[in-house]
*Asks:* 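Quick one: the structure is below, and I'll ask about it shortly.
Residue numbers start from 1 in every chain, and the chains themselves are labelled A, B, ... in the order their sequence lines are given, proteins ahead of strands. Given the structure is predicted, the values throughout are model-derived calculations rather than measurements.
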Protein chains: 2
Amino acid sequence: MPVGNEEDLTAQITKIKDRIPASEEITLLADFFSVLGDGTRVKIVSALRHGELCVSHLAEVVGLSDSAVSHQLRLMRYNNVVKSRREGKYIYYSLADEHVIDIYDVVKAHINEDNA
Amino acid sequence: MPVGNEEDLTAQITKIKDRIPASEEITLLADFFSVLGDGTRVKIVSALRHGELCVSHLAEVVGLSDSAVSHQLRLMRYNNVVKSRREGKYIYYSLADEHVIDIYDVVKAHINEDNA
DNA sequence: TAATCAATTGAATACTTGCTCAAATGTATG
DNA sequence: CATACATTTGAGCAAGTATTCAATTGATTA
């Protein structure tokens with residue numbers, strides 16, 4: 001490790017360690033990012049970006065079985081990324097709130113900049 | 001599927017399908033989110049949130065072996081989340097750019113709101 | 001109420017991922 | 001130049017994950 005004032009160094013590291021969020025918050029953060037860390041789920045978010053869709057339409061849009069999409073939606077619902085409402089036989093899914101849209105848009109802008 | 005004007009429906013779905021980014025972009029998006037979708041890597045981002053650190057210090061801060069941290073840093077570097085500079089024996093890592101900080105902060109705010 | 005369609009669920013499986021350990025590579029310094 | 005320290009690398013393993021398939025639940029309608 002870098003040498004220097006030994007006491008300061010240990011103190012600094014402790015300070016940084018203390019600034020790291022508690023493990024429950026770390027888990028929440030990682031879980032949220034994880035939910036969007038999959039191509040299928042990114043597609044679902046993108047498909048819902050401009051309005052709600054029922055499961056079978058979502059499945060058609062993302063090119064997977066209803067079942068596969070339903071499994072993913074369950075995870076996304078559990079993690080507050082999407083919400084649903086039933087209308088008769090159909091269950092319409094939409095993005096949970098504006099944050100999701102904001103985050104999606106910011107990251108999209110970010111990766112497109114990186115390519116430049 | 002919901003019945004209605006059949007032609008409009010198919011047309012609408014096609015339109016939504018067309019708005020979904022190309023698969024390369026989907027992959028970039030999912031990969032970026034994936035990088036932050038892990039507790040260890042969230043801790044690393046959080047530790048670097050206020051300045052650079054060398055590998056061994058990072059390891060101490062996040063409570064893992066140098067090797068484990070180095071493996072994660074490789075992935076994070078590859079995905080433009082962190083950057084590094086060598087200074088003698090040491091390699092100092094820092095967040096790649098302001099976007100990473102912004103995204104981290106926005107998501108942190110989001111999950112803390114959800115708990116309310 | 002029987003038949004039908006939408007959505008969910010659970011088990012199985014192939015695939016991915018994070019960590020550890022041991023060995024290798026860089027870099028400095030005695 | 002040999003030793004020590006920082007970091008990286010690769011193989012291996014245990015745990016997690018995404019999809020499929022078959023069966024089930026929920027809701028409409030003929």
*Asks:* How close or far is atom C1' of dT25(D) from atom CD1 of Ile91(A), stated in whole angstroms?
*Replies:* 11 Å
*Asks:* Under 3.5 Å, which donor-acceptor pairs link side chains of residues 22-36 of chain A to any protein atom two or more places apart or in another chain?
*Replies:*
from     : atom 1 : to        : atom 2 : distance (Å)
Glu25(A) : OE2    : Asn112(B) : ND2    : 3.1
Thr27(A) : OG1    : Ser23(A)  : O      : 2.8
Ser34(A) : OG     : Gly37(B)  : O      : 3.0

*Asks:* Scan nucleotides 23-30 of chain C nucleotide by nucleotide, 5' to 3', and note B when protein non-hydrogen atoms come under 4.0 Å of the base, S if they reach only the sugar-phosphate, - if neither.
*Replies:* ---SBS--
*Asks:* Kindly give the heavy-atom pair with the smallest separation between Lys83(B) and Ala96(B), and that separation in Å.
*Replies:* NZ-O, 3.5 Å
*Asks:* Tell me the closest heavy-atom pair linking Tyr92(B) and Cys54(B), and the distance in Å.
*Replies:* CD2-N, 3.6 Å
*Asks:* Measure CG/Leu36(B) against P/dT17(C) and give the value in whole Å, please.
*Replies:* 15 Å
*Asks:* Could you state the NE2-P distance from His57(B) to dC5(D), rounded to the nearest angstrom?
*Replies:* 14 Å
*Asks:* For Tyr92(A), answer base if it contacts any base atom (sugar-phosphate contacts may also be present), sugar-phosphate if it contacts only those atoms, and nothing otherwise; contact means non-hydrogen atoms under 4.0 Å.
*Replies:* nothing
*Asks:* Examine dC19(C): is either OP1 or OP2 under 4.0 Å from a nitrogen or oxygen in the side chain of Gln72(B)? Give yes or no.
*Replies:* yes
*Asks:* Would you say dT7(D) has OP1 or OP2 under 4.0 Å from some side-chain N or O of Ser56(B)?
*Replies:* yes
*Asks:* Between Tyr78(B) and dT8(D), is there a side-chain N or O to OP1/OP2 distance below 4.0 Å?
*Replies:* no
*Asks:* Where do Ile101(A) and Val45(A) land on the side chain to side chain contact (heavy atoms under 4.5 Å, CB included) test, with the steps shown first?
*Replies:* CA-CA 8 Å; Ile101(A) 298 178; Val45(A) 169; over 6 Å; no
*Asks:* Measure the distance from CG on Asp66(A) to P on dC5(C) and round it to the nearest whole Å.
*Replies:* 13 Å
*Asks:* Using side-chain hydrogen bond (donor to acceptor under 3.5 Å, both in side chains) as the criterion, list what pairs up with Arg19(B), not counting sequence neighbours.
*Replies:* none
*Asks:* Between P on dA7(C) and CZ on Arg85(A), what's the gap in Å once rounded to a whole number?
*Replies:* 12 Å
*Asks:* With a sphere of 6.0 Å drawn around NZ of Lys15(A), does it hold more than 12 non-hydrogen atoms of other residues, nucleotides or ligands?
*Replies:* no
*Asks:* Mind checking if Leu73(B) touches a base, just sugar-phosphate, or nothing, with heavy atoms under 4.0 Å?
*Replies:* nothing
*Asks:* How many Å lie between CG on Leu58(B) and P on dC19(C), as a whole number?
*Replies:* 13 Å
*Asks:* For DNA chain D, which residues of residues 37-47 of chain A approach it to below 4.0 angstrom with any heavy atom?
*Replies:* Asp38(A), Thr40(A), Arg41(A)
*Asks:* Please identify each residue that fulfils side-chain hydrogen bond (donor to acceptor under 3.5 Å, both in side chains) with Arg74(A), with sequence neighbours left out.
*Replies:* none
*Asks:* Hey, what do you get for NE2 (His99(A)) to CG (Asn80(A)), rounding to the nearest 0.5 Å?
*Replies:* 12.0 Å
*Asks:* Check Ala47(A) against Leu53(A) and note the closest heavy-atom contact, atom names and distance.
*Replies:* O-CD1, 4.0 Å
*Asks:* Only pairs under 3.5 Å count here: list side-chain donor-acceptor contacts from residues 66-73 of chain B, not counting sequence neighbours, and write none if there are none.
*Replies:*
from     : atom 1 : to       : atom 2 : distance (Å)
Gln72(B) : OE1    : Arg41(B) : NH1    : 2.8

*Asks:* Mind checking side-chain hydrogen bond (donor to acceptor under 3.5 Å, both in side chains) for Glu87(B) and listing every partner two or more places apart, or none if nothing turns up?
*Replies:* Arg85(B)
*Asks:* Which residues pass the salt bridge (Lys or Arg N to Asp or Glu O under 4.0 Å) test with Asp105(B), sequence neighbours left out?
*Replies:* Arg49(B)
*Asks:* Collect all protein-nucleotide pairs involving nucleotides 10-15 of chain C in which both atoms are nitrogen or oxygen and the distance is under 3.5 Å.
*Replies:*
from    : atom 1 : to       : atom 2 : distance (Å)
dG10(C) : O6     : His71(A) : NE2    : 2.8

*Asks:* To the side chain of Ser70(B), which of dT8(D), dG18(C), dT7(D) is closest?
*Replies:* dT8(D)
